[in-house]
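Worksheet: the structure to be examined is printed underneath.
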Amino acid sequence: MPSGRAHGWGIAGGYLTKEIAKLPPLDGVTLHCIGGHDFRPMNSADWDRLNIGYCFFENDVEALRHTRRAAHEWDFIVAGSSWCEYQLRIGGVRQTATILQGIDPANFYATPQRPDDGRFIVFSGGKFELRKGQDLVIAAMRVFMQRHADAYLVCSWVNQWPFSLATMANSTYISFTPTDDDCLAILWRTLHENGIPTGRVCLLPLMDNAQMRQVYQQSDIGIFPNRCEGGNNMVMCEYMASGRTVIASDATGHADVITERNAFPLTSYTPTVVNDTQGQPSAIWHEASVAELIEQLEFAYLYREVIAKKSAVAAEDMKRLSWDKAAQQFQCIATKLSNAATFNNSRT
């Protein structure tokens, strides 16, 4: 598993490694990070007698080109969302199940709603790229901030991967030009060029995951119009676990956690075909409506009591996501595989 404190795979890898280490070891069984749409292990040198892969993918069309082969190579492939599992099953993978990413309750727990200081603060998180939909956030907030002088935007958008950042140049909603500048400089320029009043923006640097709760509790609502998520979206779920509701897409990986009771779900989408660098179809994503985003922002702005009710439900719902539970689910799969292999070997 990868490690790190400022990106999703690293955080997930760290927690899973810690929790699995508490469980009885199973010789000959290894859990691998699957890092790409070709379903190869992150480190092939760690290939074992029995191998379980953990995957998150968003380019469903591209993934389907590799699933048949992957089904023969892996003993079991665990998906990070029900949507990913569905795609795997379409592609011929039978040994599969879904295990959602967890939430650390020591870091992310419900806190009281922010005192009314005359501002309405919207949080947007996730690395800045087309898939995450920050162009839709900018398009909606441009209108919303023009209407409401008390509206502010807090962004945690730093993207450490230039190739991913550059995908935003394909947006039809904002003007974006990737350069060799520092990511924060690019983001400030993009916000300014697209009509966002930067005096009412807090653009955060890359931060350790443990510091994010203090950021979340200083906002009123989150906005996550992601076009596609292979998992349950760790940033969004940690935000909700902190007692804050969201305006969010309810498709792909978000569908495992977003409900009408804990969020303001987006319901209007345009299917969008995404091509790879060779111009071949790579994915079909779900593009949210900017008009609906603005409508939901306006409703939340007017009815703060609804925000409070949904926030309380969000915090309670996120309690079911835990890293120790995820580790136990992996252990259960590994034990079944090991027992089946032992039984088959005894028969032969």
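Along the sequence shown, the residues carry numbers beginning at 1. All values reported here derive from a predicted model rather than from experimental measurement.
Between the side chains of Asp256 and Ser82, at least one donor N or O sits under 3.5 Å from an acceptor N or O. In summary, the side chains of Thr98 and Glu85 do present a donor paired with an acceptor at a separation below 3.5 Å, with no hydrogens or angles considered. For the residue pair Asp46 and Thr30, no side-chain donor N or O sits within less than 3.5 Å of a side-chain acceptor on the partner.
Looking at heavy atoms from C-beta onward, Val29 lies out of side-chain contact with Asp48 at the 4.5 angstrom threshold. Using a 4.5 Å heavy-atom cutoff, the side chains of Arg261 and Lys309 are not in contact.
Other members of a hydrophobic cluster containing Leu23 are absent, since no ILVMFWY side chain comes under 4.5 Å of it, directly or through relayed contacts. Annotation for Tyr109: hydrophobic cluster partners, listed by chain and number, are none (ILVMFWY side-chain heavy atoms under 4.5 Å, direct or chained).
Formation of a donor-acceptor pair under 3.5 Å by the Asn233 side chain with backbone atoms of Met236 is found in this model. Without hydrogens or angle criteria, Arg244 side chain to Gln217 main chain gives a donor-acceptor distance under 3.5 Å. Asp220 places a side-chain N or O within donor-acceptor distance of the main-chain N or O of Ile121, the cut-off being under 3.5 Å.
Ring-centre distance between Phe128 and Phe176: below the 6.0 Å cut-off. Within the 6.0 Å centre-distance limit, the rings of His148 and Tyr301 are counted as a close aromatic pair.
The pair Glu238-Arg213 does not meet the salt-bridge criterion, since no charged nitrogen lies less than 4.0 angstrom from a carboxylate oxygen. A salt bridge is defined here as a Lys NZ or Arg NE, NH1 or NH2 lying under 4.0 Å from an Asp or Glu carboxylate O, and Lys310 with Glu260 fails to meet this definition.
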Name every donor-acceptor pair, under 3.5 Å, that has one atom in a side chain of residues 327-337 and the other anywhere in the protein, sequence neighbours excluded.
unit_1	atom_1	unit_2	atom_2	d
Gln331	NE2	Pro24	O	2.7
Thr335	OG1	Gln331	O	2.7

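Of all non-hydrogen atoms in Phe123 and Val235, the two that sit nearest each other are CE2-CG1, 4.3 Å.
Listed by first and then second residue, the side chain to side chain donor-acceptor pair (under 3.5 Å) pairs involving residues 280-295 are Asn59-Ser282, Glu62-Ser282, Tyr173-Glu287, Arg227-Glu287, Thr267-Glu292 (not counting sequence neighbours).
By the side chain to side chain contact (heavy atoms under 4.5 Å, CB included) test, Pro105 is found to be paired with no residue, residues two or more places apart in sequence or in another chain being considered. Taking the salt bridge (Lys or Arg N to Asp or Glu O under 4.0 Å) definition, one finds that Arg304 meets it with nothing, sequence neighbours left out.
Figure legend: Arg119 and Tyr152 shown as a cation-pi pair, the cationic atom lying under 6.0 angstrom from the six-membered ring centre and within 45 degrees of its axis.
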| request: Take His254 and Ser249, measure what side chain to side chain donor-acceptor pair (under 3.5 Å) needs, and give me the verdict at the end. | output: CA-CA 7 Å; His254 282 187; Ser249 52; 3.0 Å; yes

